[in-house]
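These notes are about the structure you will find just below.
All ligand and atom numbering here is 1-based and tracks the order in the structure.
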Amino acid sequence: MVKMLNFALVGCGRIAKRHSELLGHGQIQGAQLVAVCDLIEAKAKKIGEQFSVPYFIDMHQMMQSEKVDVVVVLTESGNHAKNVVDLAKYGKHIVVEKPMALTLNDADAMIQACDRNGAKLFVVKQNRFNVPVVKLREALEQGRFGKLVLGTVRVRWCRPQDYYDQAPWRGTWAMDGGVLTNQASHHIDMLEWMMGDVESVFARSTTALAEIEAEDTAVVTIKFRSGALGVIEATTATRPKDLEGSISVLGEGGTVEIAGFAVNNMKTWSFVESMPGDEGVMERCSVNPPNVYGFGHQAYYEYVVDCISNNGPHLVDGLVGRKSLELINAIYESIETGREVHLRFRPKYCKLGGTF
Ligand SMILES: NC(=O)c1ccc[n+]([C@@H]2O[C@H](COP(=O)([O-])OP(=O)(O)OC[C@H]3O[C@@H](n4cnc5c(N)ncnc54)[C@H](O)[C@@H]3O)[C@@H](O)[C@H]2O)c1
């Protein structure tokens, strides 16, 4: 019989709804929700009672009194590092929401703490598991694009001021960052995953409509080590509603474009050399999710369970999370200096994480 993994949540805010519904409603085979925790008792109580599991206001008390196999960190981005390092000592596996941390030093501390305590660290990157995204990756691995030419991601979402006003940490340098770190971090990760390692970036940003410290709008040009170029366009200042979350990859062998508002709609699947099964890909691989988070959290949790229970491949670990954080830090470094920034580098002017 397959062992049931016991999951506990730390942080019962907005995104906890998605996690608790999947784990608490038995939608992930081999996983169940056993406890939840939030510093604000009313929030913990609400989710705890909804799924009939014990709730706590202290994560250490939860870890000491409940049988937890995997703890899921859903706190504010700027608290992830502290929470993960504190939790690692229990030697349980840890899932942390994106972005894993805001500074590279924090990301390193998290990876080290988990390694030392034999805990697997998973960073939530649910869009990698979207059906059309998996299909695009498959085409890349099959070499169907040949020489890569251009990769583009666009995030044109709507986050009105009341979204930012929901909590004081949103849009701050110390705890969140702007559209690049929060909303577009999925797409930036995906672009690098598809196009390969980055050689350098050049970026500009502005805070167009939101009253926040960090940017709500940014454009980035990228030079990949393969010689291909890339573009990131990201904004939460689209009005009046979400328009697009997309990726396109162009190579000498063909073009793939995934659009929709949550990278969910296979818009173009066009190759110089066609293969059996190409016809129908656009219909088969387009699924409309209920919101911008997409369906990916379900597939993501299935992967986490497979990785832990069956020793399946660890696809999105701390090192993968660190890699896209390094790229985001480099983009901010370019915004601050007005210069092209070459990776590998150590941030000097990047404001993310409130260090500088
Ligand atoms: N994967 C996605 O698509 C996605 C979507 C939304 C948010 N997120 C990420 O999820 C994280 C949380 O975002 P949110 O919108 O749910 O924030 P939120 O402010 O709604 O919730 C955070 C909660 O964590 C609690 N908390 C803080 N420290 C704690 C501690 N030590 N112990 C217990 N509880 C603690 C807070 O009281 C708060 O209720 C962020 O990092 C965000 O970037 C990811």
Side-chain angles (χ1 to χ4, degrees), residues 8-22 35-48 54-63 68 71-87 94-102 106-107 110 122-130 133 155 157 159 162-172 174-190 214 236 242 245 261-264 289-301 303-304 316 321 324-325 328 352-353:
L9 307 186
V10 174
C12 294
R14 258 176 118 237
I15 196 64
K17 183 171 165 17
R18 184 97 192 93
H19 291 260
S20 59
E21 281 172 356
L22 285 170
V36 299
C37 169
D38 199 290
L39 296 175
I40 301 168
E41 187 172 1
K43 288 184 165 190
K45 184 168 189 259
K46 188 169 173 222
I47 298 191
Y55 61 89
F56 297 82
I57 51 167
D58 178 348
M59 65 181 190
H60 295 290
Q61 217 185 345
M62 177 175 81
M63 296 304 287
V68 175
V71 56
V72 185
V73 176
L74 307 175
T75 58
E76 303 83 354
S77 306
N79 281 329
H80 291 173
K82 178 164 64 106
N83 298 150
V84 168
V85 169
D86 276 0
L87 287 163
I94 300 180
V95 173
V96 62
E97 258 295 357
K98 63 80 204 163
M100 70 180 288
L102 300 181
D106 276 352
M110 293 160 81
F122 299 86
V123 183
V124 177
K125 291 187 183 293
Q126 81 271 16
N127 284 288
R128 282 194 181 205
F129 297 82
N130 288 3
V133 175
V155 183
W157 284 353
R159 291 291 179 277
D162 59 6
Y163 160 83
Y164 289 105
D165 292 344
Q166 275 171 15
W169 66 277
R170 294 188 192 283
T172 62
M175 296 296 286
D176 188 12
V179 62
L180 291 164
T181 327
N182 191 321
Q183 291 78 16
S185 66
H186 292 295
H187 309 78
I188 294 172
D189 168 70
M190 225 183 304
T236 53
D242 291 330
F261 55 74
V263 205
N264 57 293
N291 53 44
V292 289
Y293 302 151
F295 288 119
H297 274 100
Q298 166 128 17
Y300 181 79
Y301 268 121
Y303 139 70
V304 170
V316 205
S324 57
L325 181 64
I328 289 171
L352 198 57

Shortest heavy-atom approach to atom 9 (C) of ligand 1 - which of Lys43, Lys98, His19
Lys98
Those residues that, when tested against Tyr303, pass ring pair (Phe, Tyr, Trp, His ring centres under 6.0 Å) (two or more places apart)
Phe122, Phe129, Tyr300
At a 4.0 Å threshold, what atoms of ligand 1 neighbour a non-hydrogen atom of Gln126?
1 (N), 2 (C), 3 (O)
Options Arg170, Glu76, Gln166, ranked by nearest heavy atom to atom 18 (P) of ligand 1, top entry:
Arg170
So, taking the atom named CD in Glu97 and the one named OG1 in Thr75, what distance separates them when rounded to the nearest 0.5 Å?
10.0 Å
Options Val123, Val124, Asn83, Asp58, ranked by nearest heavy atom to atom 31 (N) of ligand 1, top entry
Asn83
Residue pair Asn83 / Asp86, side-chain donor-acceptor N/O under 3.5 Å:
no
Quick one: which of Leu74, Asn182, Asp86 has a heavy atom closest to atom 12 (C) of ligand 1?
Leu74
Tell me which part of Glu97 gets within contact of ligand 1: side chain, backbone, both or neither, using heavy atoms under 4.0 Å.
side chain
Which atom pairs, donor and acceptor, lie under 3.5 Å between side-chain atoms of residues 176-184 and protein residues at least two apart or in another chain?
residue, atom, partner, partner atom, Å
Asp176, OD1, Asn182, ND2, 3.1
Asp176, OD2, Gly171, N, 2.8
Thr181, OG1, Tyr332, OH, 2.7
Asn182, OD1, Lys98, NZ, 2.9
Gln183, NE2, Tyr163, OH, 3.2

Looking at Ala262, is its backbone amide N or carbonyl O close enough to the side chain of Asn130 to form a donor-acceptor pair, meaning the two atoms are under 3.5 Å apart?
yes
Say whether Asn79, considering both its backbone and side-chain N or O atoms, lies within less than 3.5 Å of an N or O atom on ligand 1.
no
Give the single entry among Ser77, Gly11, Ala42, Ala16 that approaches atom 24 (O) of ligand 1 most closely by any heavy atom.
Gly11
When you measure from the heavy atoms of Arg18 to every atom of ligand 1, does any distance fall below 4.0 Å?
no
Applying a strict 4.0 Å limit to heavy atoms, is Lys82 in contact with ligand 1?
no
His80: numbered ligand 1 atoms lying under 4.0 Å from its heavy atoms:
41 (O)
Just by distance, do the side chain of His297 and the backbone of His19 share a donor-acceptor pair under 3.5 Å?
no
List ligand 1 atoms under 4.0 Å from Val10, heavy atoms only on the residue side.
32 (N), 33 (C)
Phe261 backbone acceptor or donor facing Asp242 side chain under 3.5 Å
no
Is the closest side-chain donor-acceptor distance between Ser324 and Lys125 under 3.5 Å?
yes
Distance in Å, Cys37 SG paired with Lys43 NZ, rounded so as to fall on 0.5 Å steps:
12.0 Å
Using heavy-atom distances, let me know which of Leu9, Ile15, Val73 sits nearest atom 5 (C) of ligand 1.
Ile15
